[in-house]
Amino acid sequence: MLETVNTFLAARGIYCLVFILFFLAVYGMITCKNYMKKMMCMNVMQVAVILFFLCFAQKRGGVIPILDGVTEAASGYLNPIPHALMLTAIVVSLGTTGVALALLMRMTEEYGSVEEDDLLSGKARKKKEESADEADEAEAEKEAEKEETADVTGKDPDET
Amino acid sequence: MRHDREVLLIMIMNHLPVLAVVVPLSAALLSLLLSRINKNLGKAVVILSLVFAFLDAVGLTAQVLQAEGHLIRYAMGNWDAPIGIEFYVDPINALLACFITFIAMCASIYSLSFLKDREWLQSGGYYTLIALLTVGLVGMTLTGDVFNLYVYLEISSLSCYGLIALGGKRSIPAAFRYLLIGTIGASFYLLGIGLMYAMTGSLNMADMGELLQSQMDNPLMYLVCASLIGAFGIKMAQFPFHAWQPDAYAYSHPGASPLISGAMSKVPALAMIRFFFFIFGVQNLVIVDATRLIGILGALGMIFGSVMALNQTDFRRMLAYSSVAQLGYIALGIGIGNLYGVTGSYLHILNHLFMKGGLFFAIGAIQYRFGIVNINQFGQLHKKMPFTCFTITMGALAMVGIPPTGGFFSKWYLMMGAMDKHLYIYMAVLVLSSLLNAIYFLRVLEKIFIAPEARLADRFDKEARRDGAAAKKHFLEVPAVMLVPIVVFGIGIVAMGIFNSQIVEFVAQTALKGVF
């Protein structure tokens with residue numbers, strides 16, 4: 001029994017760890033209430049995928065794919081393609097993180113919070129509007145509605 | 001001089017597949033720079049590049065229909081197939097690329113009126129994103145390399161997040177949520193292709209398909225199929241993965257939402273068909289199981305989406321939930337998994353692109369003029385906006401599946417497929433979902449044509465008051481740049497129905513010949 005577990009872990013253990021990391025990150029994305037933390041979990045998930053590619057590219061006794069005059073057979077070299085693919089994936093993950101951070105900044109500007117609970121209850125928005133003027137809730141809601149249409153159509157909401 | 005022009009033309013004809021991607025990409029990169037110099041220059045370069053891409057895709061479709069074996073394999077930079085990246089063009093891909101560039105072209109012209117008063121940064125950035133989204137979508141349809149598909153998927157997704165976030169205050173959390181869920185989808189896709197690469201050592205779709213045939217009984221194939229269903233399911237907003245979609249579609253920028261909702265979800269559906277039917281092959285047991293699962297999820301989505309759409313009063317949210325249902329039809333065709341079923345799926349991808357595109361163009365125009373999206377305020381709208389209401393009517397009839405429109409024929413092929421395979425439960429679901437479609441779309445038509453007139457704040461009145469007596473009279477219900485796409489899509493919905501037999505015969509069935 002122990003033997004089987006040992007051989008399995010020796011052969012496949014690293015993939016198990018990678019998959020645990022992947023699903024741990026997905027779990028984090030589901031359970032975290034803070035959008036910033038959600039984004040960091042997203043990064044962990046992307047790292048897990050990158051590790052997965054790097055793991056299966058690994059080979060016992062392989063050397064980096066530069067012709068050294070000693071190793072002749074292709075089997076003596078590591079396959080560089082997974083690494084190259086992951087360079088692209090890292091760039092993509094960098095881009096995604098950049099867009100996510102930009103969206104979070106905009107969210108902070110508009111709502112004053114990146115907590116999911118605040119956004120869902122509308123507390124963040126209300127807090128902001130109360131500080132601006134003592135408009136009651138219905139008025140504030142209407143104002144927000146107007147603002148939204150104005151935002152997309154380029155119309156001036158206060159012009160009557 | 002004449003000789004030079006001929007040489008140039010031949011050169012363009014030889015490189016049509018890649019030019020459809022390269023030209024909008026260059027325009028996207030130039031757009032912001034040129035906008036800095038002159039606001040209109042940045043817009044013009046993107047619109048012209050999209051017009052070029054459309055003509056290019058039309059030429060490509062004509063070329064592929066005449067080509068030997070109805071297939072063009074274009075090697076990037078002359079690196080031949082299994083090693084280099086190739087574009088794999090068959091009639092299905094070419095026609096979808098043609099439609100995507102068409103809707104992108106219309107959307108870019110349509111957006112002109114939304115961005116009239118904006119600064120150079122905003123209009124330049126907006127047009128950059130539109131062009132990048134087109135690049136991603138066209139690339140995804142045409143590419144024949146699995147990792148290249150991932151890159152295009154991310155290009156289209158990232159620009160799509162940006163376009164959704166431009167839609168105002170409420171769209172930002174929607175865009176962020178879509179970003180998180182979309183990234184999970186992309187990561188699943190990477191896992192799937194990583195497993196396949198580990199099994200075959202190839203990234204080229206055709207090559208990989210051949211190498212995988214001997215390994216189909218490998219248990220890892222189940223993991224691959226699960227990853228791909230998760231990945232494309234999330235990207236196309238199939239039923240259990242659809243949570244991001246209603247908010248994202250409803251609050252996206254009204255100029256871009258026809259492109260996002262019309263084209264963005266169809267391309268992953270096509271990629272799914274590519275993977276399961278063209279690369280893996282339906283004769284394998286594991287693929288039969290996987291497609292059956294997709295079909296069941298699709299059937300559930302058809303009912304769920306329609307029921308949720310019944311609840312909505314915001315027209316855009318209603319359309320978004322109806323998209324969940326309509327993507328269920330496409331998934332159902334994959335689940336049926338015979339010639340008729342996949343033909344139906346394919347036809348529905350094209351039809352739905354026109355129907356949803358047209359309906360989102362129409363609601364964008366209503367929002368532009370009256371600032372409303374709630375269907376309870378649509379009373380007697382047909383008097384104020386006759387052409388827009390024509391498109392809404394055509395779209396609604398097509399969604400329900402009334403014969404002269406395209407929607408009828410895709411449902412017909414799905415029905416025939418289900419009949420052929422004796423999947424009577426799917427037929428019952430198809431009928432039920434069509435009835436639910438009828439309920440919520442005819443409700444909209446009732447509001448437009450029968451309900452009492454609603455008092456609305458008209459944008460034109462306001463402009464007239466601001467400009468004083470000198471304001472010109474408006475002959476058109478919305479500016480011409482908006483009206484033309486709306487009318488074109490209204491006619492397109494009917495045209496798709498009239499020309500469906502040609503599409504099925506020359507495009508879908510020629511491409512599917514080798515599969516079944």
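We name chains A, B, ... by the order of the sequence lines, and we start the count at 1 in each one.
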Any side-chain heavy-atom pair from [X] and [Y] closer than 4.5 angstrom?
X        : Y        : answer
A:Tyr111 : B:Lys169 : yes
A:Val26  : B:Phe188 : no
A:Met42  : B:Leu179 : yes

So does [X] have more than 12 non-hydrogen atoms from other groups sitting under 6.0 Å from [atom1]?
X        : atom1 : result
B:Glu119 : CD    : no
A:Tyr27  : OH    : no
B:Ile83  : CD1   : no
B:Met199 : CE    : yes

Task: Which of B:Ala198, B:Gly255, B:Ser157 touches chain A most, by non-hydrogen pairs under 4.5 Å - done: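 Max contact count across the listed options: B:Ala198.
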Task: Partner chain A: residue of B:Leu195, B:Leu190, B:Leu203 with the largest heavy-atom pair count (under 4.5 Å) - done: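 Sorted descending by pairs with chain A, the first entry is B:Leu190.
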Task: Pairing residues for B:Leu149 by the side chain to side chain contact (heavy atoms under 4.5 Å, CB included) criterion, not counting sequence neighbours - done: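 Only B:Met140, B:Thr143, B:Tyr189, B:Met205, B:Phe232, B:Ala271, B:Phe275 meet the side chain to side chain contact (heavy atoms under 4.5 Å, CB included) criterion with B:Leu149.
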Task: Any residue meeting side chain to side chain contact (heavy atoms under 4.5 Å, CB included) with B:Ile234, in chain and number order, not counting sequence neighbours - done: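 Residues passing side chain to side chain contact (heavy atoms under 4.5 Å, CB included) with B:Ile234: B:Ile181, B:Ile184, B:Phe241, B:Trp244.
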- [ ] Decide yes or no on side chain to side chain contact (heavy atoms under 4.5 Å, CB included) for A:Val92 and B:Tyr150, but give the supporting numbers first.
- [x] CA-CA 10 Å; A:Val92 167; B:Tyr150 167 75; 3.5 Å; yes
Open item on the list: Heavy-atom cut-off 4.5 Å, strictly under: side chain, backbone, both or neither for B:Phe147 against chain A?
Closed with: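 Only the side chain of B:Phe147 comes within 4.5 Å of chain A.
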Open item on the list: Heavy-atom cut-off 4.5 Å, strictly under: side chain, backbone, both or neither for B:Leu115 against chain A?
Closed with: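 B:Leu115 has no heavy atom closer than 4.5 Å to chain A.
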- [ ] With a 4.5 angstrom heavy-atom cut-off, could you sort out which part of A:Met107 is near chain B: side chain, backbone, both or neither?
- [x]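 Backbone plus side chain of A:Met107, per the 4.5 Å heavy-atom cut-off to chain B.
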Open item on the list: Heavy atom to heavy atom, less than 4.5 Å: which residues from residues 80-89 of chain A reach chain B?
Closed with: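 Counting heavy atoms that sit under 4.5 Å from chain B, the residues of residues 80-89 of chain A involved are A:Ile81, A:Pro82, A:Leu85, A:Met86, A:Thr88, A:Ala89.
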Task: Residues of residues 32-39 of chain A near chain B, each having a heavy atom less than 4.5 Å away - done: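 Result: A:Tyr35, A:Lys38, A:Met39.
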Task: Distance in Å, A:Glu110 CD paired with B:Ile172 CD1, rounded so as to fall on 0.5 Å steps - done: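 Rounded to the nearest 0.5 Å, the CD-CD1 separation comes to 4.5 Å.
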Task: Value rounded to 0.5 Å, distance of OH in B:Tyr197 from CG in A:Asn79 - done: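 Going from OH on B:Tyr197 over to CG on A:Asn79, the span is 3.5 Å.
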- [ ] Compare every heavy atom of A:Leu103 with every heavy atom of B:Ala165, then report the nearest pair and how far apart it is.
- [x]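 That would be CB-CD2, 3.3 Å.
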- [ ] Run the numbers on A:Phe22 and B:Leu191 for side chain to side chain contact (heavy atoms under 4.5 Å, CB included), then give the verdict.
- [x] CA-CA 10 Å; A:Phe22 184 87; B:Leu191 278 184; 3.9 Å; yes
